[in-house]
Amino acid sequence: MTLETTKTHTVHGGTLRYLKHDSATTGTPMTLSVFVPAGEGPFPVVIWLSGLTCTEDNFTTKAGAYRAAADHGVIVVAPDTSPRGEGVADDPAYDLGQGAGFYVDATQAPWASHFRMETYVTDELIALIDAEFPTTGVRSVMGHSMGGHGALTLALRHPDLFRSVSAFAPISSPTRCPWGEKAFTAYLGEDRTEWARHDAALLIENAAARGAFDDILVDQGDADPFLSEQLKPELLTAAAEAAGQPLTLRMQPGYDHSYFFMASFIADHIAFHAARLKGVRS
């Protein structure tokens, strides 16, 4: 597998690279950014998963994560949110198709041939990063909105792959909100038992990954316009309480759904992961 560097920048003493490669999983070119702090390493890895309509560039340019990543000595990886290109299925709406992969492996036509984002992240991307960069072989995952859903569900479904997990304004229970119902119907079909396998609140409630995570950190703005209809963080806290899963939900007054919100608290999340990646849990 060949990684092509399309841009390189020096930032906070480290190196930020924009990359692309031909994915065997999606059958398309895939793009990502990778920040590597100064030094020889090896370094642990934090994977960031972005939300609806985003590419790898939104987080890379707007989140302001690299000072904290440099300070804590962690690699930060930000992949695109879906396969793209000619011949890849799409939809005119922003919440389905290209830019809206939902971090699942689609089973329904016309999506199944390319939309395999769960396998892409948990198999191909991880293997690629470990092969091409000076990693310690341990990693964490975090994300925003659709990517917060992705971070939570991928960590809960693959706890052996991730040391810790956090999220900003995640879609907490996609089986119980319009965004999730639309995407899951398209990608996974009508069987709601299959949907439940990709619902963070239901996975926590059913004690998925029991004992794997000493805490799950979630930040949510109370001025988020999607809070009550789409995000429903109360379902996460109820599930965590029922299952005995430690979960810290921080409701942040006045914050919305934008990258201004994430930039305000991203250093906390990097520190949260760095402590666990280096074996020091608070």
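- Taking OG1 of T136 as the reference point, atom CG of L277 lies at 7.0 Å (rounded to 0.5 Å).
- Atom CZ of R67 is surrounded by 12 or fewer heavy atoms from other residues, nucleotides or ligands within 6.0 Å.
- Residue Q108 comes nearest to A186 through the heavy atom pair CB-O, 3.2 Å, listed as atom of the first residue, atom of the second, then distance.
- With rounding to the nearest 0.5 angstrom, the OG atom of S140 is 8.5 Å from the CZ atom of F162.
- Nearest heavy-atom pair, P134 versus V36, reported as atom, atom and distance to 0.1 Å: CG-CG1, 4.5 Å.
- Pairing each heavy atom of H21 with each of L32, the nearest pair is CD2-CD2, 3.9 Å.
- Of the possible polar contacts, none joining the W48 side chain to the G147 backbone as a donor-acceptor pair under 3.5 Å is found.
- At least one side-chain heavy atom of V34 sits less than 4.5 Å from a side-chain heavy atom of F133.
- Using modelled atom types, one finds no donor on one side chain facing an acceptor on the other under 3.5 Å when comparing S50 with E56.
- Taking the six-membered ring wherever Trp is involved, the centroid distance between the rings of W179 and F102 does not fall below 6.0 Å.
- Considering only heavy atoms from C-beta on, T81 stays 4.5 Å or farther from T55 through its side chain.
- Of the N and O atoms on the side chains of N58 and H144, not one donor lies less than 3.5 Å from an acceptor on the other residue.
- A 4.5 Å side-chain heavy-atom check between Y103 and L49 finds at least one atom pair inside the cut-off.
- When the side chains of ILVMFWY residues are joined at heavy-atom separations under 4.5 Å, either directly or via intervening members, V104 and L203 end up in a single hydrophobic cluster.
- Residues A200 and P174 approach most closely at N-CD, 4.4 Å, considering heavy atoms.
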- Check the pair D215, F272 against side chain to side chain contact (heavy atoms under 4.5 Å, CB included), reporting the backbone distance first and the verdict last. CA-CA 10 Å; D215 194 12; F272 173 87; 4.2 Å; yes
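- K182 pairs by the salt bridge (Lys or Arg N to Asp or Glu O under 4.0 Å) definition with D95, not counting sequence neighbours.
- The hydrophobic cluster containing V45 also contains L125, counting ILVMFWY residues as joined when their side-chain heavy atoms lie under 4.5 angstrom apart, directly or transitively.
- Counting only distance, with no hydrogens or angles, the side chain of Q98 and the backbone of V88 share a donor-acceptor pair below 3.5 Å.
- Side-chain N or O atoms of R116 include one that pairs as donor or acceptor with a backbone N or O of T25 at under 3.5 Å.
- A distance of 8.0 Å separates CD in Q220 from NE2 in H257, rounded to the nearest 0.5 Å.
- Side-chain N or O atoms of R139 include one that pairs as donor or acceptor with a backbone N or O of G137 at under 3.5 Å.
- With a 6.0 Å radius and a threshold of 12 heavy atoms from other residues, nucleotides or ligands, R210 has its CZ atom at or below the threshold.
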- Give the intermediate values and the outcome of side chain to side chain donor-acceptor pair (under 3.5 Å) for residues E124 and T119. CA-CA 7 Å; E124 187 172 11; T119 296; over 6 Å; no
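- In this structure, the side chain of S82 does not engage the main chain of G101 through any donor-acceptor pair within 3.5 Å.
- Follow the hydrophobic side-chain contacts under 4.5 Å out from L202 and you never reach F213; the two are in separate clusters.
- Side-chain N/O atoms of R17 and T5 include a donor and acceptor closer than 3.5 Å.
- To the nearest 0.5 Å, the span separating CG on D91 from CG on L96 amounts to 4.5 Å.
- Between the R157 side chain and the R197 main chain, a donor and an acceptor come within less than 3.5 Å of each other.
- Across every non-hydrogen atom of A78 and F59, the tightest pair is CB-CD2, 3.8 Å.
- No side-chain heavy atom of T6 sits less than 4.5 Å from a side-chain heavy atom of L19.
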- Task: Test I270 against M142 for side chain to side chain contact (heavy atoms under 4.5 Å, CB included), laying out the working first.
- Result: CA-CA 9 Å; I270 296 290; M142 61 179 179; 3.7 Å; yes
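- In this structure, a donor-acceptor pair under 3.5 Å is present between the side chains of S166 and H269.
- Counting heavy atoms from C-beta outward, R84 and H114 have side chains that stay 4.5 Å or more apart.
- Taking the side chain as every heavy atom from C-beta outward, F168 and I266 approach each other to under 4.5 Å.
- Judged by distance alone, the side chain of D224 and the main-chain N or O of F226 form a donor-acceptor pair under 3.5 Å.
- For Y255 and F265, the distance between ring centers is under 6.0 angstrom.
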- Item | From CA spacing to verdict: side chain to side chain contact (heavy atoms under 4.5 Å, CB included), R176, L235 | CA-CA 10 Å; R176 291 173 279 185; L235 298 177; 3.9 Å; yes
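- Distance check: T237 OG1 to L249 CG gives 6.0 Å after rounding to the nearest 0.5 Å.
- Residues T26 and M30 are in side-chain contact: their nearest non-hydrogen atoms beyond the backbone lie under 4.5 Å apart.
- Separation of the Y187 and F115 ring centroids falls under the 6.0 Å cut-off.
- Checking T175 against D199 by side-chain atom types alone, a donor-acceptor pair falls below 3.5 Å.
- With hydrogens and angles disregarded, a donor-acceptor distance shorter than 3.5 Å links the side chain of D222 to the backbone of G254.
- Taking both residues in full, the closest heavy atoms of V121 and L154 are given as CG1-CD1, 3.8 Å, listed atom of the first, atom of the second, then distance.
- Within the model, atoms NE2 of H273 and CZ of R163 stand 12.5 Å from one another, a figure rounded to the nearest 0.5 Å.
- Under a 3.5 Å cut-off, the side chain of S172 and the backbone N or O of L231 do form a donor-acceptor pair.
- Taking 4.5 Å as the limit, some side-chain heavy atom of R192 sits within range of a side-chain heavy atom of E181.
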- Show your reasoning for whether side chain to side chain contact (heavy atoms under 4.5 Å, CB included) applies to H158 and D123. CA-CA 10 Å; H158 305 274; D123 186 355; over 6 Å; no
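- Remark: the backbone N or O of E118 is paired with a side-chain donor or acceptor of D105 at under 3.5 angstrom.
- Within a 6.0 Å radius of CZ in F260, other residues, nucleotides and ligands contribute 12 heavy atoms or fewer.
- In this structure, H12 has its ring center no closer than 6.0 Å to that of Y66.
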